[in-house]
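In what follows, a single structure is set out as structure tokens and then discussed.
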There are 2 protein chains.
Amino acid sequence: MPKLLCHSDSSPCPLAHALDLIGDRWTLLIVRDLMFRNLHEYKDLLNSFEGISTNILADRLRRLVQAGLVKSVAHPESKTRKLYYLTPSGKSLIHVMIEIVKWSDEHVGTAKIPPDVAGQLEGNRDEFVRKVLEKLERWEAEHLA
Amino acid sequence: MPKLLCHSDSSPCPLAHALDLIGDRWTLLIVRDLMFRNLHEYKDLLNSFEGISTNILADRLRRLVQAGLVKSVAHPESKTRKLYYLTPSGKSLIHVMIEIVKWSDEHVGTAKIPPDVAGQLEGNRDEFVRKVLEKLERWEAEHLA
DNA sequence: GCAAACGCTTGCGTAACGCAAGCGTTGTTC
DNA sequence: GAACAACGCTTGCGTTACGCAAGCGTTTGC
């Protein structure tokens, strides 16, 4: 596993420590797919929008598992496949994701939130969070039985 | 200026576009210093906790300025020095920063929010945001006159 | 007028990444 | 039951980004 730069030794700042985990171009995209796009298998993550390369995906999944944000179980129908899913720590990144997306929508502006999601985010955002988390729990109830 | 990986071509996702700007280990730390730590000069940013190297700092500042998150003005007392400060777009990253710090405090746990700040963040977070933004505006009133 | 400060830039070695091929196991087809 | 494909990775190689340290042009302080 490549080592990646680590601020944690020198910095007393929680932001810096968080960036050691999620401060790169790929990690949060994987979390997004696990959180919002209902993707749970390696091949699906690999074929997501941005075209992550396979070694990087393997590396980031390993880091996420090691950091306790993601877990995996054997696929119930196949011995070669795995199912990846977010732990509570991983799920709690939802608030970070939402803020980044809102900020991007307002200030980067080159990609917009789909109108239906935008509608859910305005007004009652807790409701949106609840819906997403419920969906994840339903998936878990179905697959981790 | 090194080119850095860019998702924006392939992805319809606002998160991916945001990560093109802030998805690295240094950018948000610079924003933090400009936002919370009252640092406004190159040398101060350079000497911040994490020890960014000078070429990376120059590069990131250039990107941030180009993206419209940061501006600079000549130092009123010196022709060699500059003052860097956040634009409204940059300031609005405060919500992202707060969520990351809260998440880090709860789930990474290797660096804690200072107790006084933690107190401010609990309960009335809007109040905290307002205080921070007011402080930045006071700085601007004083230096951009 | 000389040395230090300041905001960078440059050069070099190392680490991370993109790409593509390969590998071991399992599942499928005939 | 043998050949082939699917799957989750790993490996190797060339390229890009980064850490480090030195240097540079201008300005400032003495």
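Being a predicted model, the structure only gives us computed values, none of them experimental. Residue numbers start from 1 in every chain, and the chains themselves are labelled A, B, ... in the order their sequence lines are given, proteins ahead of strands.
Between the side chain of B:Trp103 and the backbone N or O of A:Ile94 there is no donor-acceptor pair closer than 3.5 Å. Of the possible donor and acceptor atoms, one in the side chain of B:Asp24 sits under 3.5 Å from a partner among the backbone N and O of B:Thr27. Looking only at distances, a side-chain donor or acceptor of B:Ser11 sits under 3.5 Å from a matching main-chain atom of B:Cys13. Side-chain atoms of A:His7 never come within 3.5 Å of backbone atoms of A:His17 as a donor-acceptor pair (strictly under, hydrogens ignored). B:Ser78 contributes a side-chain N or O that, together with a main-chain N or O of B:Thr80, makes up a donor-acceptor pair within less than 3.5 Å.
One finds the CD1 atom of B:Ile22 at 11.5 Å from the CG atom of B:Leu29 (value rounded to the nearest 0.5 Å).
Along DNA chain C, the nucleotide closest to B:Thr54 and the one closest to A:Asp24 are compared, and the more 5′ of them pairs with B:Thr54. Along DNA chain C, the nucleotide nearest A:Asn55 and the nucleotide nearest B:Asp59 are compared for position; the residue whose nucleotide lies closer to the 5' end is B:Asp59.
As a whole-Å value, the separation of B:Ile56 CD1 from D:dT16 C1' is 12 Å. In this structure, B:Asp20 atom CG and D:dT16 atom C1' are separated by 16 Å, rounded to whole Å. With rounding to whole Å, A:His75 atom NE2 is found 16 Å from D:dA6 atom P. Between the CD1 atom of B:Ile52 and the P atom of D:dA17 there is a distance of 16 Å, given to the nearest Å.
The closest side-chain heavy-atom distance from A:Leu57 to A:Tyr42 is below 4.5 Å. Taking the side chain as every heavy atom from C-beta outward, B:Trp26 and A:Leu5 approach each other to under 4.5 Å. Side-chain contact between A:Pro114 and A:Lys112: absent, with no pair of heavy atoms (C-beta onward) separated by less than 4.5 Å.
Backbone-only engagement by B:Leu4 is indicated by non-hydrogen atom pairs under 4.0 Å involving sugar-phosphate atoms exclusively. Heavy atoms of B:Arg25 sit nowhere under 4.0 angstrom from any nucleic acid atom. Within 4.0 Å of B:Arg62, counting heavy atoms only, lie sugar-phosphate atoms of the nucleic acid but no base atom. Heavy atoms of B:Leu5 sit under 4.0 angstrom from primed sugar atoms or phosphate atoms, though from no base atom.
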Check nucleotides 27-30 of chain D against the protein and report each pair of N or O atoms closer than 3.5 Å, with its distance, or say if there are none.
| residue | atom | partner | partner atom | Å |
| --- | --- | --- | --- | --- |
| D:dT28 | OP1 | B:Lys79 | N | 2.7 |

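Of the charged side-chain nitrogens involved, none lies within less than 4.0 Å of a carboxylate oxygen, so that B:Lys102 and A:Glu99 do not count as a salt-bridged pair. Ionic pairing of B:Arg81 and B:Glu41 is present here: one or more N-O contacts between side-chain nitrogen and carboxylate oxygen are shorter than 4.0 angstrom.
In the helix from C:dG1-D:dC30 to C:dC30-D:dG1, the end axes, each obtained as the rotation axis mapping the C1' atoms of four pairs onto the next four within a five-pair block, lie 10° apart to the nearest 10 degrees.
Residue B:Arg63 places none of its side-chain N or O atoms closer than 4.0 Å to OP1 or OP2 of D:dA17.
On the nucleic acid side, DNA chain C contacts chain A at distances under 4.0 Å to non-hydrogen atoms, with the end points of that region at C:dA16 to C:dG27.
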